[in-house]
Amino acid sequence: MSVRVRFAPSPTGFLHIGSLRTALYNYLFAKHHGGVCVLRIEDTDRTRLVEGAMEEQIESLRWAGVVFDEGPHVGGNYGPYVQSERFDLYRTYGMQLVASGHAYYAFDTSEELDAMRVRQQAAGIAPRYDRTTMRNQYTLGEHETERLLQSNADHVIRLKVPHTSEVRFHDAVRGEVTVQGREVDDQILLKSDGFPTYHLANVVDDHLMEITHVIRAEEWLPSTPKHILLYEAFGWTPPTFAHVPLLLNPDRTKMSKRHGDVMVRDFRKKGYFPDALVNFVSLCGWNPGTDREVYSMPDLIEHFTLERVNKAGAVFDYKKLDWMNGEYLRAKDPQDLAAMVLPALQEAGYAYIEPDYVARVIGLVRERIHFVQDVVTFADYIFTDVVNVDDEYRAKHWKPDTSELLRALTERYASIEQWDHTTLNDVTAAFATEHNVKTGALMHPLRVVLTGKQVGAGVYDTMEVLGKERCMTRLRNGLA
RNA sequence: GCACCGUUCGUCUAGGGGUUAGGACACCGCCCUUUCACGGCGGUAACACGGGUUCAAUUCCCGUACGGUGUACCA
């Protein structure tokens, strides 16, 4: 049987970085096995819907390179792929369970349920729905139940958990997991608004869509027994489950926005490359067992296996991500990078600059920056002729005879025809020797006048990119 | 509280009955370099604890501790 997996986000906000990783693992697993990756939107909570969230999540996933074979945006033979469009289905299957005695009607109000939990906590017992004392078809009896249903009383349908059973399943990441039936709550399957809960919708859809492997975050592990029980109640074969570890904050709690950016769009906006982000995030909780750190999407697909997914949560290391992004920055074609940074240059107010020239600038400084768009501020003195001088830096290197020396050097430069690194180096070195000064006494002042900044690429390389004319102008103006 | 899951350098991780416990990020030092980076070399730094099993345990088993997740008419 060929592999079919799904990523099933809820459209309640922007795509979380942890969700991206879950989606990625699903995608990698599917592609590794030549299978199908499905996108399904779980919008059964009508109160938490956020308009545009589905589109944003799909866009973030597309940006990251996670592509789906089936989904609301691409179609497929198992649709619809949005749960609210499958509404009737869940009621049908829920009623089937009532008919077979695996589920039942309950009429409790939320106040009554709250009171029940308060009582249970006071008594020191685990808060779980008490089938024997609450208002449901068992305590109310057939007639009263029927009467309430006839009168359109608010009601839900709950799973009748066999409390004497033992639920056992094999998790591809964690091995055998066993839970006592008495620990499992009589979960609501159909809410009073007629929509299914995650648990019902999830099981029905995974079955109907012929999902073979459910790869999801560890937070789902505790409710998996409910799902297993549902498969059993329906008489269906459950898929293979794989609960992947969580992405964590530095304090090891579930990764949240309290500790930094967590939305994929935030990373995108900050200038991370999608391939770098994907590379990094795939290695949080999974490892191919080699010393290699850099993997392209095809590499990841080739090497990914569930067996090598870790059990423990992974703290998200922003610093290492930055390093990874730098690796990609240095490996990419400057021409491509130039195209990416053009809008930022325009936004910064600089006149149009030829992409070829921008590419040269990027080649000049990319060892020193983490993000492409850093070039805009890092090398601002190349995009404009306004040089903002770092006074402290100038004071440190500007000696009494510096101005005179530089004036003489400038006139020497005037005669240079081959304005490149080698010539500049030779001419400057010869000049230093003639005047009996160290080259350092020349280099720093040159940097001050030409760039204004202490930090930057090599002076000769910078001069080469700047060009003779602009260098001469800056030197003459700067020494006037 | 209860249930489930987890625990190798600060972080991501490799390893697995006998290893000098390996790599990466970060940090420190040196080299390269007239800056800062990049790169190269080197360094600091880890098997949570206690019992077993075994000739031998970081590795297997059991406890404990600590941590996380879950415990909704949310997903």
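In what follows, every chain begins at residue 1, and chains take the letters A, B, ... in the order their sequences are listed.
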Base, sugar-phosphate alone, or nothing: which one does A:R308 contact when heavy atoms must sit under 4.0 Å apart? sugar-phosphate

To the nearest angstrom, the CG-C1' distance between A:L283 and B:U11 comes to 13 Å

P gap between B:A24 and B:C32, integer Å: 23 Å

Suppose we define a pair by two distances each less than 3.5 Å, Watson-Crick or G-U wobble; what does B:C47 pair with here? none

Does a side-chain heavy-atom distance below 4.5 Å link A:L406 with A:L446? yes

Could you tell me if the side chain of A:Y198 sits less than 4.5 Å from the side chain of A:H227, heavy atoms only? yes

Could you work out the separation of B:C12 and B:G50 based on their C1' atoms and round it to a whole Å? 29 Å

Could you give the distance separating B:C30 and B:U44 at their C1' atoms, to the nearest angstrom? 15 Å

Tell me, for nucleotides 69-75 of chain B in 5' to 3' order, what letter each nucleotide earns: B for a base near a protein heavy atom under 4.0 Å, S for only sugar-phosphate near one, - for neither? SSSSBBB

Take A:F29 and A:H213, measure what ring pair (Phe, Tyr, Trp, His ring centres under 6.0 Å) needs, and give me the verdict at the end. CA-CA 9 Å; A:F29 180 77; A:H213 300 258; 4.7 Å; yes

Once hydrogens and angles are ignored, does a donor-acceptor distance under 3.5 Å link the base of B:A24 to the side chain of A:K320? yes

Rounded off to whole Å, could you give me the NE2-to-P distance for the A:H259 and B:U11 pair? 14 Å

Once you round it to whole Å, what is the distance between C1' of B:C4 and CZ of A:F241? 15 Å

Quote, to the nearest angstrom, the C1' distance that separates B:C66 from B:C47. 16 Å

Between B:G40 and B:C25, how far apart are the P atoms? Round to whole Å, please. 9 Å

Look at A:D206 together with A:R6 and state whether they make a salt bridge at an N to O cut-off of under 4.0 Å. yes

Ring centres of A:H170 and A:F241 under 6.0 Å apart? no

Now, which nucleotide makes the Watson-Crick or G-U wobble pair with B:U54, with each of the two distances under 3.5 Å? none

Would A:K270 count as a cation-pi partner of A:F371, with NZ or CZ less than 6.0 Å from the six-membered ring centre and within 45° of the ring normal? no

Within-4.5 Å side-chain heavy-atom neighbours: A:L230 and A:L97: yes

What is the distance from CG of A:D171 to P of B:C5, rounded to the nearest Å? 10 Å

Give A:V459 one of three labels, base, sugar-phosphate or nothing, depending on what nucleic acid heavy atoms sit under 4.0 Å from its own. nothing

Of all the nucleotides listed (B:U13, B:U11, B:C4), which has the minimum atom distance to the side chain of A:D317? B:U11

Is there a Watson-Crick or G-U wobble partner for B:C32 with both distances under 3.5 Å, and if so, which one is it? none

So that I know where these two stand, are A:Y25 and A:F304 an aromatic pair - ring centroids less than 6.0 Å apart? yes

Below 4.0 Å: OP1/OP2 of B:G23 and any side-chain N or O of A:N287: no

Could you tell me if the ring centre of A:F267 sits under 6.0 Å from that of A:F280? no

With both distances under 3.5 Å as the test, what is the Watson-Crick or G-U wobble partner of B:A37? none

Nearest whole Å is fine: how far is B:C5 P from A:H170 NE2? 13 Å

Answer for the Watson-Crick or wobble partner of B:U7, both distances under 3.5 Å, is B:A65

Rounding to a whole Å, what distance do you find between A:W398:CH2 and B:U35:C1'? 16 Å

What distance, rounded to whole Å, do you find between the two P atoms, one in B:A3 and one in B:A45? 41 Å

Please determine, for the side chain of A:R174, which listed nucleotide (B:C5, B:U13, B:C25) has the closest atom? B:C5

B:G1: pairing nucleotide in any strand, Watson-Crick or G-U under 3.5 angstrom: B:U71

Between A:D291 and A:H444, whichever has its closest RNA chain B nucleotide further toward 5' is A:D291

For nucleotides 36-45 of chain B, give me one character per nucleotide, 5' to 3': B if any protein heavy atom sits under 4.0 Å from the base, S if the only such contacts are to the sugar-phosphate, - if neither. BBSS------

A:K311 NZ to B:C12 P, straight-line distance once rounded to whole Å: 16 Å

Separation between OH (A:Y318) and CG (A:N325), nearest 0.5 Å, reads 14.5 Å

Can you tell me, in whole Å, how much space there is between the C1' of B:G6 and that of B:C49? 16 Å

Ring-face cation of A:R265 near A:F14 (centre distance under 6.0 Å, axis angle within 45°): yes

Touch class at under 4.0 angstrom, heavy-atom based, for A:E293 against every strand present: base

Just grab all the salt bridge (Lys or Arg N to Asp or Glu O under 4.0 Å) pairs involving residues 121-132 of chain A, residues at least two apart or on different chains. A:R128-A:E183, A:R131-A:D186

If B:U19 has a Watson-Crick or G-U wobble mate with both distances under 3.5 Å, name it; if not, just say none. none

A:D461 CG to B:U35 C1', straight-line distance once rounded to whole Å: 13 Å

Determine the interatomic distance between C1' on B:A65 and the same-named atom on B:C27; round to the nearest Å. 30 Å

